[in-house]
Amino acid sequence: MAMGTVAQHQTKAEHHRQFLATVPDSYPDWMATVAFYTAVELVEALAALKGSHSTSHETRKRFVRQNHPRIAREFHTLYNASLDARYEPKERWIDAEQVKRELLGKCLTNVTSYVASRMAKAETGPTEDPAV
Amino acid sequence: MQSTSSTSKGPIQLHYTGGQVVVTPEDQDRFVLGVSQAITACQNEVAGRRFLEQFKNQLLHELCKWCVKHGDRVQSCYLPFPIGGECIKVFVVTKSPIFDFVLSDAIAQLEIDLDGQNWPCDILQIAAETPEEFLAFFDPQYSLQVYGDGDGCTAPDKS
């Protein structure tokens, strides 16, 4: 992923979110995938605040674990579930209800609200998770 | 070049200012190298041995312990070769036929814990039953199995 500005990543996150809302229930694999890439843009917006960006999924996860551990569980789940959705056979997919409840309702919602709070504080304080 | 047989009584002394050495292993596949290279080879050997020791006693031990603790949800655990890089890949095969959200939280916490021990890992759960299904993610033939298939921990224990 090319290094973008905070605003560019936020715009792409919103773009993905709008698409996510249009994905039919019969495509839980794509719902999971788009949810993850929405979170990726949100995390990259956090990284851009520090003038950095991730070069791989592994380094991005590590960036989250080390700098924003409060969303590490959610981000990991979005990553892993989307990977499984893409590579596992259909009979092993979680259904649309689970995607909506767990991935969208909990994980993506938490990541979104966390990033929003970090953005709001960006001009006045550090961007790391205060829990670090 | 001075020749010193390995059958000499005392240890062969190599100083970093020395010239070249010829090392002849049992298979006669000789190495001709500068003393500084020989020193580097020795240092690499020590570092490699130390890494392997820490790898077994720290990472494998932690993974085994974690798998045993979550044995009700974990079927098996693998580290595909080559092991290393920015993050060590770990695959946890679940007992659940679909994505296990409870286990996902525990895996995320394990990643954080291993980060703290300087073992950055990318741990992924997969729901699969047969080696053929594993192949979408890794090849079990070229992996180190740490846990599972009724054998519990298959990697060497710390004790």
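Naming convention: chains lettered A, B, ... in sequence-line order (proteins, then strands); numbering from 1 in each chain. Since the model is a prediction, treat every value here as computed from it, not as a measurement.
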Using a heavy-atom distance cut-off of less than 4.5 Å, which residues of residues 19-27 of chain A contact chain B? none

For chain B, which residues from residues 81-88 of chain A lie under 4.5 Å away (heavy-atom distances)? A:Ala81, A:Leu83, A:Asp84, A:Tyr87, A:Glu88

Could you tell me whether a side-chain N or O of A:Arg92 sits under 3.5 Å from a main-chain N or O of B:Ile98, the two making a donor and an acceptor? no

Quick check on B:Gln28: does its CD atom have over 12 non-hydrogen neighbours (other residues, nucleotides or ligands) under 6.0 Å away? yes

Using a cut-off of 6.0 Å, state whether more than 12 heavy atoms not belonging to A:Glu14 lie near its atom CD. yes

Inter-residue atom distance [X].[atom1] - [Y].[atom2], 0.5 Å rounding:
X        : Y        : atom1 : atom2 : value
A:Cys107 : B:Asp105 : SG    : CG    : 7.5 Å
A:Arg101 : B:Phe101 : CZ    : CZ    : 7.5 Å
B:Leu124 : A:Lys61  : CG    : NZ    : 5.5 Å
A:Arg65  : B:Gln109 : CZ    : CD    : 11.0 Å

Hey, which of B:Pro120, B:Ala106, B:Ser96, B:Ala136 has the most heavy atom pairs under 4.5 Å with chain A? B:Pro120

Of all heavy-atom pairs between A:Ala72 and B:Ala108, which one has the smallest distance, and what is that distance? O-CB, 4.2 Å

Can you list the steps and then say if A:His76 with B:Ser104 is a side chain to side chain contact (heavy atoms under 4.5 Å, CB included)? CA-CA 7 Å; A:His76 168 80; B:Ser104 186; 3.4 Å; yes

Name the region of A:Tyr79, side chain, backbone, both or neither, that has any atom closer than 4.5 Å to a heavy atom of chain B. side chain

Side chain from CB out, backbone as N, CA, C, O: work out which of these in A:Glu91 comes under 4.5 Å of a heavy atom of chain B, or both, or neither. backbone

Would you mind checking if A:Arg62 and B:Glu111 are paired as a salt bridge, meaning a charged N to carboxylate O distance below 4.0 Å? no

Establish whether [X] and [Y] are linked, either directly or via other cluster members, by ILVMFWY side-chain heavy-atom contacts under 4.5 Å.
X        : Y        : answer
B:Leu135 : B:Leu144 : no
A:Met119 : A:Tyr114 : yes
B:Leu63  : B:Phe55  : yes
B:Ile12  : B:Val21  : yes
B:Val23  : B:Val46  : no

Side chain to side chain contact (heavy atoms under 4.5 Å, CB included) between B:Phe99 and A:Leu103, worked out: CA-CA 11 Å; B:Phe99 191 82; A:Leu103 298 185; 5.5 Å; no

